[in-house]
There are 2 protein chains.
Amino acid sequence: MAIFKALAEQNRLRIIRVLYQTSREMTCNEVGEQLNISKSTVSYHFKALRLVGLTNTRQVAQTKYLSLQLATFDRYLPGFLATL
Amino acid sequence: MAIFKALAEQNRLRIIRVLYQTSREMTCNEVGEQLNISKSTVSYHFKALRLVGLTNTRQVAQTKYLSLQLATFDRYLPGFLATL
DNA sequence: TTTTTAGTTCGATAACTATCGAACTAAAAG
DNA sequence: CTTTTAGTTCGATAGTTATCGAACTAAAAA
């Protein structure tokens, strides 16, 4: 159920969509600006997505780059990303 | 997102589970007794499940029989039911 | 060493969703 | 006709989750 909960929220879906459509890693800041959400809220959602294995984090100094964990989508929701 | 929302709740998942595991239609009352939930709450969840196409309703007089709409599960969540 | 940058955590609050019982509708049974 | 049965709707409330800004940490840049 954790994955469904993670996907059952507007802003988390928007984050997934932007990650998928730009096809690259993005930072907290970048996503916050793009979607007009405060950085603390973005941080909160990033954590939720990471905890259920929908995203990966790569850290360089204080910057964290987020990307989709495609394997998780393929495993539990095959074809879903293509519908975004 | 509607389907994810429907699946992101404990009692709705329990309803789906019981429908799947008993492999037959069930009534509101029956589910309520089995899961110890008031009939108004069961009615509320039945509606939510039906609205997103996860279940079917067959009505005989005042009794409504609920069953899983397998096509929806197969389409969006192949393999999910088997994990219940 | 001071300032800037990126992100986290916390506390308060807003927004949303689930829950119940009571009052209701409609149909079957007595 | 009256009572029982199955489910719906409503209003109130509890419970949960999302949101923000402020205070914080850690690292890079100046």
Side-chain angles (χ1 to χ4, degrees), chain A residues 1-19 22 24-69 72 76-77 84, chain B residues 1-19 22 24-69 72 76-77 84:
Chain A
M1 186 168 78
I3 286 188
F4 297 138
K5 275 198 170 155
L7 294 168
E9 207 277 327
Q10 187 73 54
N11 280 331
R12 280 192 292 270
L13 268 195
R14 292 171 72 207
I15 291 170
I16 289 169
R17 199 174 293 126
V18 77
L19 282 170
T22 62
R24 60 178 178 79
E25 303 176 309
M26 293 183 85
T27 66
C28 227
N29 248 343
E30 223 176 338
V31 171
E33 281 168 22
Q34 188 124 1
L35 303 184
N36 249 302
I37 311 172
S38 79
K39 65 179 184 167
S40 56
T41 299
V42 174
S43 176
Y44 169 77
H45 288 312
F46 269 31
K47 191 176 192 174
L49 292 170
R50 188 164 27 80
L51 285 177
V52 299
L54 288 173
T55 57
N56 288 111
T57 302
R58 181 174 69 89
Q59 179 162 7
V60 177
Q62 77 272 56
T63 304
K64 289 183 175 175
Y65 295 93
L66 218 82
S67 57
L68 297 178
Q69 175 104 49
T72 305
Y76 296 106
L77 304 159
L84 293 177
Chain B
M1 185 167 78
I3 287 187
F4 296 138
K5 274 197 170 158
L7 294 168
E9 207 276 328
Q10 187 74 53
N11 279 331
R12 280 192 292 270
L13 269 194
R14 292 171 73 207
I15 291 170
I16 289 169
R17 200 174 292 127
V18 78
L19 283 169
T22 63
R24 60 178 179 80
E25 303 177 308
M26 293 183 86
T27 66
C28 227
N29 248 344
E30 222 175 339
V31 172
E33 279 168 25
Q34 187 123 3
L35 303 184
N36 249 300
I37 310 172
S38 78
K39 65 179 185 169
S40 56
T41 300
V42 174
S43 177
Y44 168 77
H45 288 312
F46 269 29
K47 192 175 191 176
L49 292 171
R50 189 166 23 83
L51 285 176
V52 301
L54 288 173
T55 57
N56 289 110
T57 302
R58 181 173 70 87
Q59 179 161 7
V60 176
Q62 78 272 55
T63 304
K64 289 183 174 175
Y65 296 93
L66 218 83
S67 58
L68 297 179
Q69 175 105 49
T72 305
Y76 297 106
L77 303 159
L84 293 177

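In what follows, chains are A, B, ... by sequence order, proteins preceding strands, each numbered from 1. Both backbone and side-chain heavy atoms feed into the values below; hydrogens, waters and symmetry mates do not.
For Gln62(B), the side-chain contact (heavy atoms from CB on, under 4.5 Å) test picks out no residue, with sequence neighbours left out. For Asn29(A), the side-chain contact (heavy atoms from CB on, under 4.5 Å) test picks out Thr27(A), with sequence neighbours left out. The side chain to side chain donor-acceptor pair (under 3.5 Å) test applied to Ser40(B) returns Ser38(B), not counting sequence neighbours. Glu30(A) meets the salt bridge (Lys or Arg N to Asp or Glu O under 4.0 Å) test with Arg24(A); sequence neighbours excluded.
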Could you list the donor-acceptor pairs under 3.5 angstrom formed between side-chain atoms of residues 1-11 of chain B and any protein atom two or more places apart in sequence or on another chain?
residue, atom, partner, partner atom, Å
Glu9(B), OE1, Asn11(B), N, 2.9
Glu9(B), OE1, Arg12(B), N, 3.1
Asn11(B), OD1, Arg14(B), NH1, 2.8

**OP:** Would you check, one step at a time, whether the test side chain to side chain contact (heavy atoms under 4.5 Å, CB included) holds for Leu49(A) with Ile15(A)?
**Re:** CA-CA 10 Å; Leu49(A) 292 170; Ile15(A) 291 170; 4.0 Å; yes
Original post:
Do Phe46(B) and Thr55(B) pass the side chain to side chain contact (heavy atoms under 4.5 Å, CB included) test, and can you show the C-alpha distance, the side-chain angles, and the key distance before you say yes or no?
Top reply: CA-CA 8 Å; Phe46(B) 269 29; Thr55(B) 57; over 6 Å; no
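Under 4.0 angstrom from either OP1 or OP2 of dT19(D) there lies at least one side-chain N or O belonging to His45(A).
Taking atom CG on Leu35(B) and atom P on dA18(C), their separation rounds to 15 Å, with Å as the unit. One can place CE of Met1(B) at 13 Å from C1' of dT17(D), the figure rounded to the nearest angstrom. The separation between Ile37(B) atom CD1 and dA18(C) atom C1' is 10 Å, rounded to whole Å.
DNA chain C is contacted by no residue of residues 5-15 of chain A, taking any non-hydrogen atom closer than 4.0 Å.
In this structure, dT25(D) forms a base pair with dA6(C), meeting either the Watson-Crick or the G-U wobble geometry with both donor-acceptor distances under 3.5 Å.
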Polar-atom pairs under 3.5 Å, protein N or O versus N or O of nucleotides 5-13 of chain C: list them with distances, or write none.
residue, atom, partner, partner atom, Å
dT5(C), O2, Gln62(A), NE2, 2.9
dA6(C), OP2, Asn29(A), ND2, 3.0
dG7(C), OP1, Cys28(A), N, 3.3
dG7(C), OP1, Lys64(A), N, 3.1
dG7(C), OP1, Lys64(A), O, 3.1
dG7(C), OP2, Asn29(A), N, 2.9
dG7(C), N7, Lys39(A), NZ, 2.7
dG7(C), O6, Lys39(A), NZ, 2.8
dT8(C), OP1, Lys64(A), NZ, 3.2
dT8(C), OP2, Ser43(A), OG, 2.4
dT8(C), O5', Ser43(A), OG, 3.4
dT9(C), OP2, Lys47(A), NZ, 3.2

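Here salt bridge (charged side-chain N to carboxylate O under 4.0 Å, His left out) pairs that include residues 48-69 of chain B, with residues two or more places apart or in two chains, are Glu25(B)-Arg58(B).
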